[in-house]
Each structure stands twice: as structure tokens, then as C-alpha cells.
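To start, the structure itself, in C-alpha cells.
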Amino acid sequence: MPPLAPRSGDAIFANVERVNAELFTLTYGAIVRQLLTDLEEVEEVNKQLDQMGYNIGIRLIDEFLAKSNVSRCVDFKETAEVIAKVGLKMFLGVAASVTNWDADGTCCSLILEDNPLVDFVELPDTCQGLYYCNILSGVIRGALEMVSMKTEVTWIRDMLRGDDAFELQLKLVKQVPEEYPYKDDE
């Protein structure tokens, strides 16, 4: 039997069991609101959202690899394209464009075409330092770490803060060599 061809984000999204978008958006909003109430400091909420996303990302990568049939990416540029065109489409139903590459090919921007997490959201003046969608940066960072890429993922532009787009910067810190728990030759 020949290997399965990689599937597009649209094809996977069409076959994935989904939750109502409004329920998802409102539930996420309730989580952010509760964190703001419990932690009081906006910077602590940003850290907690990133950590929650990281914990999700380290588990979500398994589902992504199982359902997408994507083979190992050859470099960080291909990885960024797969995240933008397949990963985000598969789990959020949105695509992103990859731009602003540095000369080394280790830093780029993902510009989201849409962001379902921010429907019905307006940030009050007391929350201007909040990166409302910081969970997404944690998800991407966690997923990439599970495929041996140590990264920094930060928000560059956020429409909730008055910018014209949602832009994430992905920076490859280092490629971690894979370690195997045992040797085959023994």
C-alpha cells in the first residue's frame, strides 16, 4: 500500500469533529476573564495563557501528525508553511500567510487572515497590556518543541490593541537533536 499523501488543512477541517464556534469563543473568553479575576496582573495572565497553550500544543501535535499525514519538514521555512496552511486551518479553520523572513531563515511572521478567538471581544482600558490570544503562541511553541524545535513565539501586532492585523513572530532558537531511549545495535 503506497504512503498516504499529505492532506490539506481544508480537507482535514472538513472531516474533524467541531464544536460550535460561538461556544468556543465564549468559553475561551470566560477562561481569560477568570484568569484576570484570579491573577489580577495582566502580565501574569499573559504568562498563564502562554503556559496553557504550551500544554495544549505538546499534546495537539500528536493529533496533527496522525490526521494530516505530513512528513518531516526539511527546514524551519517548510515548518512555518505547514503551520500556516495546514495546522491553523485544521484546528481553527483559518489560514495564515508566512512573511518577513530574516536572512538566516530562522525568523518569520505568521499573519492570520482571521482570528475566531476574538469574536465578540473588546479589551477594556485596564487590560491594554493583555495579549488576549497568547494561548496561540503557547500552542505553536509547545507543538514545535515536540518536533525538536526550540522556538520563541511572540505577538507583533494585535487588532484588539488597535493594529491592522494579527501577526505572530516565530523565531527558531535551536534545532534540538533527537535522543533515542535505547540503541538498536545492543
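Hydrogens, waters and symmetry mates play no part in the numbers below; they use all other heavy atoms, side chains included.
- For Asn55, the side chain to side chain donor-acceptor pair (under 3.5 Å) test picks out Gln51, with sequence neighbours left out.
- Annotation: side chain to side chain donor-acceptor pair (under 3.5 Å) contacts of Thr151 (sequence neighbours excluded): none.
- For Tyr28, the side chain to side chain donor-acceptor pair (under 3.5 Å) test picks out no residue, with sequence neighbours left out.
- In this structure, the side chain to side chain donor-acceptor pair (under 3.5 Å) partners of Glu167, at least two apart in sequence or on a different chain, are Asn100, Ser109, Arg157.
- A side-chain donor-acceptor contact under 3.5 Å links Thr106 and Asp102.
- At least one test fails for Arg161 against the ring of Tyr132: distance under 6.0 Å to the centre or angle within 45° of the axis.
- Residue Val32 comes nearest to Leu49 through the heavy atom pair CG2-CD2, 4.0 Å, listed as atom of the first residue, atom of the second, then distance.
- Of all heavy-atom pairs spanning Lys85 and Ser97, the tightest one is NZ-CA, 3.8 Å.
- A 4.5 Å side-chain heavy-atom check between Ile61 and Leu144 finds every atom pair outside the cut-off.
- Two residues are said to be in side-chain contact when any heavy atoms from C-beta on lie closer than 4.5 Å; Trp155 and Asp163 fail this criterion.
- Residue Asn46 holds its CG atom at 12.0 Å from OG1 of Thr154, rounded to the nearest 0.5 Å.
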Tell me, with the steps shown, if Leu170 and Ile83 meet side chain to side chain contact (heavy atoms under 4.5 Å, CB included).
CA-CA 11 Å; Leu170 278 63; Ile83 291 168; 4.1 Å; yes

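- Among residues at least two apart or in separate chains, there is no salt bridge (Lys or Arg N to Asp or Glu O under 4.0 Å) pair with a member in residues 126-137.
- Listed by chain and number, the residues in a side chain to side chain contact (heavy atoms under 4.5 Å, CB included) with Ile56 are Leu60, Ile135, Val139 (sequence neighbours excluded).
- Atom CZ of Phe91 and atom CD of Glu63 lie 4.5 Å apart (nearest 0.5 Å).
- Pairs of residues two or more places apart, or lying in two chains, that qualify as salt bridge (Lys or Arg N to Asp or Glu O under 4.0 Å) and include a residue from residues 129-156 are Asp50-Arg141, Glu145-Lys150.
- In this structure, Lys171 NZ and Cys107 SG are separated by 6.5 Å, a value rounded to the nearest 0.5 Å.
- The aromatic rings of Phe76 and Trp101 sit perpendicular, their planes meeting at an angle over 60°, well past the 30° parallel limit.
- The CG atom of Leu117 sits 11.5 Å away from the CG atom of Asn134 when rounded to the nearest 0.5 Å.
- Here the closest heavy-atom approach between residue Cys133 and residue Val118 is recorded as SG-CG1, 3.4 Å.
- Clustering ILVMFWY residues whenever any of their side-chain heavy atoms sit less than 4.5 angstrom apart, transitively, puts Ile31 in the very cluster that holds Leu36.
- The heavy-atom pair separating Leu160 from Val121 by the smallest distance is CD2-O, 3.6 Å.
- Listed by chain and residue number, Lys47 satisfy the salt bridge (Lys or Arg N to Asp or Glu O under 4.0 Å) test with Glu44 (two or more places apart in sequence, or in another chain).
- Heavy atoms only, all atoms of each residue included: Leu110 and Ile140 are closest at CD1-CD1, 4.2 Å.
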Any chance you could lay out the side chain to side chain contact (heavy atoms under 4.5 Å, CB included) test for Phe166 and Leu136, step after step, and finish with the verdict?
CA-CA 11 Å; Phe166 289 102; Leu136 292 178; over 6 Å; no

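- With sequence neighbours left out, the side chain to side chain contact (heavy atoms under 4.5 Å, CB included) criterion links Asp114 to Val94.
- Summarising the geometry, atom CD1 belonging to Ile156 is positioned 4.0 Å from atom CD belonging to Gln169; distances are rounded to the nearest 0.5 Å.
- Residue pairs meeting the salt bridge (Lys or Arg N to Asp or Glu O under 4.0 Å) criterion with at least one member in residues 27-43, sequence neighbours excluded, do not occur.
- Within the structure, no pair that satisfies the salt bridge (Lys or Arg N to Asp or Glu O under 4.0 Å) test touches residues 119-131, not counting sequence neighbours.
- Grouped with Phe120 in one hydrophobic cluster are Leu26, the linkage being side-chain heavy-atom contacts under 4.5 Å among Ile, Leu, Val, Met, Phe, Trp and Tyr residues.
- To the nearest 0.5 Å, atoms CD1 (Ile111) and CG (Asp164) are separated by 8.5 Å.
- Taking both residues in full, the closest heavy atoms of Gln175 and Leu172 are given as OE1-CD2, 4.3 Å, listed atom of the first, atom of the second, then distance.
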